[in-house]
Amino acid sequence: MTTICLLGLGYIGLPTGSMFALAGKDVIGVDPSPRVQTQLSSGLASIDEPELQTLVTAAINSGRLRVQTRPEPADAFIIAVPTPLDPTTNKADLSFVEQAARDILPLLRRGNLVVLESTVPPGTTRDVLAPILAESGLQPGIDICVAHCPERVLPGRILVELEQNDRLAGGLTPACADRAAELYTAFVKGTIMRTDATTAEMVKVMENTFRDVNVALANEFALIAERIGVDVWEAIRLANHHPRVNVLRPGPGVGGHCIAVDPWFLVDAAPHQARLIRTSREVNDSMPEHVVSRLAELVSPPAPVALLGVTYKAEVDDIRESPALRVAELAVERGYAVRLCDPHVKPDVRGLPAPLLPLEQALRDAEAVVLLVDHRDFQSLDLDLVSVLVGSKRVLDSHNSLDRAEWQKRVFDVSRLGAGMSSGVSRVNA
Ligand code: SAJ
């Protein structure tokens, strides 16, 4: 029975640890957070993800997933801790990775495997992790195996993709890659591709950067479409009929702790070469400001406005780097009386720029309604009730996801990001 000590029971660590436990591994899940400890010790998954509660319950009941605050000796160590961006430098904050490496130092034994799952700048496994592990007196790549095996799962589909996605096993040496690949065969049904650690790190960051750049292009198309009076959504629908074109969806910005963060790792690694990547970040980061300027076309401060959605994308509970929250912050700064509403976010969540209210309270007497996150809940609203509650019938849809005909049937004036003025007037020279 292989024993795995997994450090970090967050969006990736908890489902991964549970998958290993249900695949017959003895898993010691480590997380210093009292909230995670309290919830998991009462069998509750500390993350809102489809099917995860069932998986965690089964893993804990199997007796093969034990949750604690300190690591223990094991055959393999997996580090799945956050690598946030330092907002002042736009560089990766590797302090959690370094701390995790230091925490396992006294526990390392010859023949152990250490896997870094966290997304990191290329070169981190070789130049940051391995030197720390070498302080144990054991040689990384010789006495112990070290590898980078980044997760590639989409929040909202984590369990399916953990199993089905192809996986990278990037070793400090080819033997390290083999050891890591062998470990993940426990539950990965996709192809496990072996490479070196730095290439694996680069691939992971490239994937998210590819998406960020493509979203930036879609957002730029939206800005141009508004200026020349074209409906970008219709234009994208038509363009995507081309066999080699797949334009992504514009929106209020790019959030989450991956796509909005990882491209900066490449900008940091190669500032003079990463021009497109940096510009794409800047385009996507400019979208919240643009949404607020569209709001200002509808109503002026201090009007009460209802902002629907605070998470970074639909059907998740994660508010990290959320563009919707950036819109809220800017709207508050502009002097609007902002009310937030999001059915996926717990009412006691802290650090929001405005009150998080139930839908009816958020909409009551609102002079404008802005859809910021295309949660399914917001697409099946009782529009007759909404009509009665709001102060005036102005709506801005930043995802083109509302059923416009139904809203217009109730005499709502529906504006959309990426589409010229709701009356279809061109914005050239506007
Ligand atoms: N977004 C758009 N338009 C689009 C697609 C996304 O505006 O057409 C926005 C979303 O609203 C959100 C952000 O981009 O704010 C990111 O959302 P996402 O669904 O594209 O991705 P994440 O961050 O939830 O997950 C990504 C995935 N990476 C890729 O698809 C390349 C996932 O596979 C990664 O594992 C994950 O990052 C990660 O953890 O790195």
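What's counted below: heavy atoms across the whole structure, side chains too, no hydrogens, waters or symmetry copies. This one's a predicted model, so the numbers in the text were calculated from it and none came from an experiment. Atoms within a ligand are numbered from 1 in the order they appear, just like the ligands themselves.
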Ligand 1 atoms nearer than 4.0 angstrom to some heavy atom of Lys204 are 34 (C), 35 (O), 38 (C), 39 (O), 40 (O)
Can you say whether the rings of His375 and Phe378 are parallel (under 30°), tilted (30 to 60°) or perpendicular (over 60°)? tilted
Q: Answer yes or no: is there a donor N or O on one side and an acceptor on the other, between the side chain of His148 and the main chain of Leu116, under 3.5 Å?
A: yes
Among Lys313, Arg249, Arg320, Arg157, closest by heavy atom to atom 2 (C) of ligand 1 is Arg249
For atom 30 (O) of ligand 1, the closest protein heavy atom turns out to be Arg211 CD, 3.3 Å
min-distance protein heavy atom vs atom 33 (O) of ligand 1 -> Arg152 O, 2.7 Å
Within a radius of less than 6.0 Å around CE of Met19, do more than 12 heavy atoms belonging to other residues, nucleotides or ligands occur?
yes
shortest atom 31 (C) of ligand 1-to-protein heavy-atom contact is with Asn208 OD1, 3.2 Å
Here the atoms of ligand 1 under 4.0 Å from any heavy atom belonging to Glu151 are 35 (O), 38 (C), 39 (O), 40 (O)
Exercise for the section: Test Thr3 against Ile28 for side-chain contact (heavy atoms from CB on, under 4.5 Å), laying out the working first. Expected result: CA-CA 8 Å; Thr3 305; Ile28 304 139; 3.6 Å; yes
For Glu207, the ligand 1 atoms with a heavy-atom partner under 4.0 Å come out as 31 (C)
For this session: Please step through salt bridge (charged side-chain N to carboxylate O under 4.0 Å, His left out) for the pair Arg152 and Glu161, ending with a clear verdict.
Result: CA-CA 8 Å; Arg152 315 164 99 184; Glu161 296 204 1; over 6 Å; no
Query raised in the report: Is the NZ or CZ atom of Lys393 both under 6.0 Å from the centre of the six-membered ring of Phe412 and within 45° of that ring's axis?
Result: yes
* **CZ/Arg410: more than 12 non-hydrogen atoms of other groups inside 6.0 Å** => yes
Short version for Val215: what comes under 4.0 Å of ligand 1, heavy atoms counted, is side chain
- Message: Ignoring hydrogens and geometry beyond distance, is a side-chain donor-acceptor pair present between Asn284 and Asn219 at under 3.5 Å?
- Response: yes
Note to self: Using side-chain heavy atoms (C-beta onward) and a distance below 4.5 Å, is Leu85 in contact with Lys91?
What the structure shows: no
Among non-hydrogen protein atoms, atom 12 (C) of ligand 1 lies closest to Tyr312 O, 3.4 Å
- prompt: If you measure every N/O of His399 against every N/O of ligand 1, is any gap under 3.5 Å?
  reply: no
N/O to N/O below 3.5 Å, does that happen between Thr119 and ligand 1? no
For atom 23 (O) of ligand 1, the closest protein heavy atom turns out to be Ile259 CG1, 3.5 Å
If you scan protein heavy atoms around atom 38 (C) of ligand 1, the nearest is Cys258 SG, 2.9 Å
Note: ligand 1 atoms sitting under 4.0 Å from heavy atoms of Val254 are 13 (C), 14 (O), 15 (O)
- [ ] Start with the C-alpha distance between Val292 and Val327, add both sets of side-chain angles, then the distance that settles side-chain contact (heavy atoms from CB on, under 4.5 Å), and finish with yes or no.
- [x] CA-CA 6 Å; Val292 175; Val327 172; 3.9 Å; yes
Atoms of ligand 1 under 4.0 Å from any heavy atom of Val153, numbered from 1 in the order shown, are 32 (C), 33 (O), 34 (C), 35 (O), 36 (C)
Looking at Asp374, Val205, Leu154, the heavy atom closest to atom 21 (O) of ligand 1 belongs to Leu154
*With a 4.0 Å cut-off on heavy atoms, is Gly255 touching ligand 1?*
yes
From CA spacing to verdict: salt bridge (charged side-chain N to carboxylate O under 4.0 Å, His left out), Glu51, Arg157: CA-CA 9 Å; Glu51 310 304 322; Arg157 284 175 48 78; over 6 Å; no
